Amino acid sequence: MTSASPTPRGVYLITPDEPDTARLLARTAPLLAAGATWLQYRNKTASDALRREQATALQALCAAHGVPLIVNDDPALAQAIGAAGVHLGGTDGDIGAARSLLGPDAIIGASCYDQLANAERAVAEGASYVAFGAFFPTTTKVTSSRAHVDLLRQSAALGVPRVAIGGLSPDNVGPIIDAGADLLAVVSGIYAAQDPVATQRAYLARFDTPQ
Ligand code: TZP
Ligand code: MG
């Protein structure tokens with residue numbers, strides 16, 4: 001991101017493993033229309049062909065809504081479909097290589113788990129944002145790290161957006177926002193909610209209310 005870009009804030013929506021592409025689009029479109037800041041395409045159970053199909057379809061949807069699409073794990077797929085960027089975990093490959101492939105304006109995010117040192121290294125290597133988690137237990141992913149809100153305070157000086165992830169709900173994000181999280185990354189809290197759009201609004205409202 002350029003230094004002139006305003007810091008993105010709000011909900012960083014992440015897709016669940018949805019095998020039906022039409023249904024993935026139908027579930028996602030209202031959330032983009034209702035103010036998701038970024039969308040990450042994540043599907044851990046799809047074939048390469050299905051991931052390509054879904055990422056391509058989501059890129060068109062995101063373009064129509066002016067929402068950046070970030071592809072999980074796969075810089076080559078991000079490049080192939082013209083996505084805004086890629087999200088890399090600790091074993092997903094090199095941030096510098098992704099930057100070379102995707103260019104200076106790409107949004108390249110790094111999972112930093114519960115370690116400030118991971119975030120410092122990621123930024124030094126060219127990451128556009130850093131993600132900490134899991135803050136709370138979650139069934140979406142097997143996690144071994146448990147992040148604490150102090151990490152958000154300690155990482156303020158890095159100068160990149162800070163993302164919180166893992167078991168976030170409208171009821172538990174107050175201290176996380178208070179500690180400086182810019183983006184709340186959410187899968188099940190929104191997609192599995194009875195009313196996903198209303199629930200996404202409830203997360204967003206937490207940015208406006210004193211914690
Ligand atoms: N990385 C750390 S926790 C997590 C990921 C991808 C899952 C977040 O999903 P949910 O459903 O919002 O807890
Ligand atoms: Mg990964």
Side-chain angles (χ1 to χ4, degrees), residues 10-18 24 27-28 31 36-46 48 51 54-55 58 69-79 83 85-95 97-99 101-102 106-116 118-119 121-122 125 127-149 151-152 155 161-177 181-197 199-204 206:
V11 167
Y12 180 6
L13 185 66
I14 303 180
T15 58
D17 288 7
E18 168 59 73
L24 176 65
R27 296 173 73 187
T28 301
L31 296 164
T37 300
W38 289 348
L39 180 71
Q40 181 183 127
Y41 172 55
R42 179 179 187 271
N43 188 334
K44 292 292 189 181
T45 53
D48 286 353
R51 286 195 317 115
Q54 294 191 332
L58 286 174
L69 176 68
I70 295 163
V71 174
N72 190 47
D73 291 342
D74 191 340
L77 179 59
Q79 190 206 26
V86 70
H87 182 90
L88 300 175
T91 57
D92 291 329
D94 195 62
I95 293 169
R99 176 65 66 203
L101 184 68
L102 299 175
I107 301 171
I108 298 177
S111 295
C112 300
Y113 311 102
D114 57 354
Q115 297 296 317
L116 184 63
N118 289 344
R121 192 177 325 112
E125 291 172 3
S128 319
Y129 72 87
V130 292
F132 296 108
F135 276 88
F136 301 101
T138 176
T139 55
T140 304
K141 177 181 178 173
V142 177
T143 57
S144 54
S145 58
R146 181 55 52 84
H148 188 273
V149 289
L151 264 176
L152 294 165
S155 57
R162 285 157 299 139
V163 174
I165 190 166
L168 304 187
S169 77
D171 293 336
N172 67 21
V173 294
I176 286 173
I177 293 170
D182 300 296
L183 290 155
L184 307 174
V186 182
V187 185
S188 59
I190 292 175
Y191 275 102
Q194 262 203 332
D195 185 340
V197 166
T199 305
Q200 181 177 263
R201 289 210 177 95
Y203 284 90
L204 292 173
R206 302 295 279 155

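Since the model is a prediction, treat every value here as computed from it, not as a measurement. Ligands are counted one by one from 1 in listed order, and the atoms in each one are counted from 1 as well.
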Give the atoms of ligand 1, by number and element, whose distance to some non-hydrogen atom of Val186 is under 4.0 Å.
-> 12 (O)
Out of Thr15, Val11, Val71, Ile70, which one pairs with Leu39 under the side-chain contact (heavy atoms from CB on, under 4.5 Å) rule?
-> Thr15
Would Tyr129 and His87 count as a close aromatic pair, with their ring centres under 6.0 Å?
-> yes
Gap between atom CZ of Arg121 and atom CD1 of Ile95 - 0.5 Å precision = 9.0 Å
N-O pairing of Asp74 and Arg51 below 4.0 Å | yes
Is the shortest side-chain N to carboxylate O distance from Arg99 to Asp94 below 4.0 Å?
-> no
Option set Lys141, Gln40, Lys44, His87, criterion heavy-atom distance to atom 1 (N) of ligand 1, minimum = Lys141
Counting heavy atoms only, which part of Thr143 comes closer than 4.0 Å to ligand 1: side chain, backbone, both or neither?
-> side chain
Atom 13 (O) of ligand 1 has as its nearest protein heavy atom Thr138 OG1, 2.6 Å
Which atoms of ligand 1 have any heavy atom of Arg42 under 4.0 Å away?
-> 6 (C)
Side-chain H-bond candidate by donor/acceptor type, Glu18 with Asn43, under 3.5 Å = no
Around the Mg ion (ligand 2), how many protein N, O or S atoms are closer than 2.8 Å?
-> 2
Ligand 1 and Gly167, any nitrogen or oxygen pair closer than 3.5 angstrom?
-> yes
Starting from atom 12 (O) of ligand 1, which protein heavy atom do you reach first, and at what distance in Å?
-> Val187 N, 2.9 Å
Interatomic distance, CG@Leu69 vs CG@Leu58, rounded to 0.5 Å, equals 6.0 Å
Measure the spacing between CG of Leu184 and CD1 of Ile176 and express it to the nearest 0.5 Å.
-> 7.0 Å
Hey, is Gly133 one of the residues with a heavy atom under 4.0 angstrom from ligand 1?
-> no
From Asp195 CG over to Ile190 CD1, what is the distance, rounded to the nearest 0.5 angstrom?
-> 11.0 Å
Under 4.5 Å between any side-chain heavy atoms of Phe135 and Val149, yes or no?
-> yes
Short list, please: which atoms of ligand 1 are under 4.0 Å from a heavy atom of Gly166?
-> 3 (S), 13 (O)
Check: of Asn72, Leu184, Val163, Ile165, min heavy-atom distance to atom 8 (C) of ligand 1 comes from Ile165
Between the side chains of Tyr191 and Thr28, does any donor sit under 3.5 Å from an acceptor?
-> yes
Is Ser188 close to ligand 1, meaning an N/O of one under 3.5 Å from an N/O of the other?
-> yes
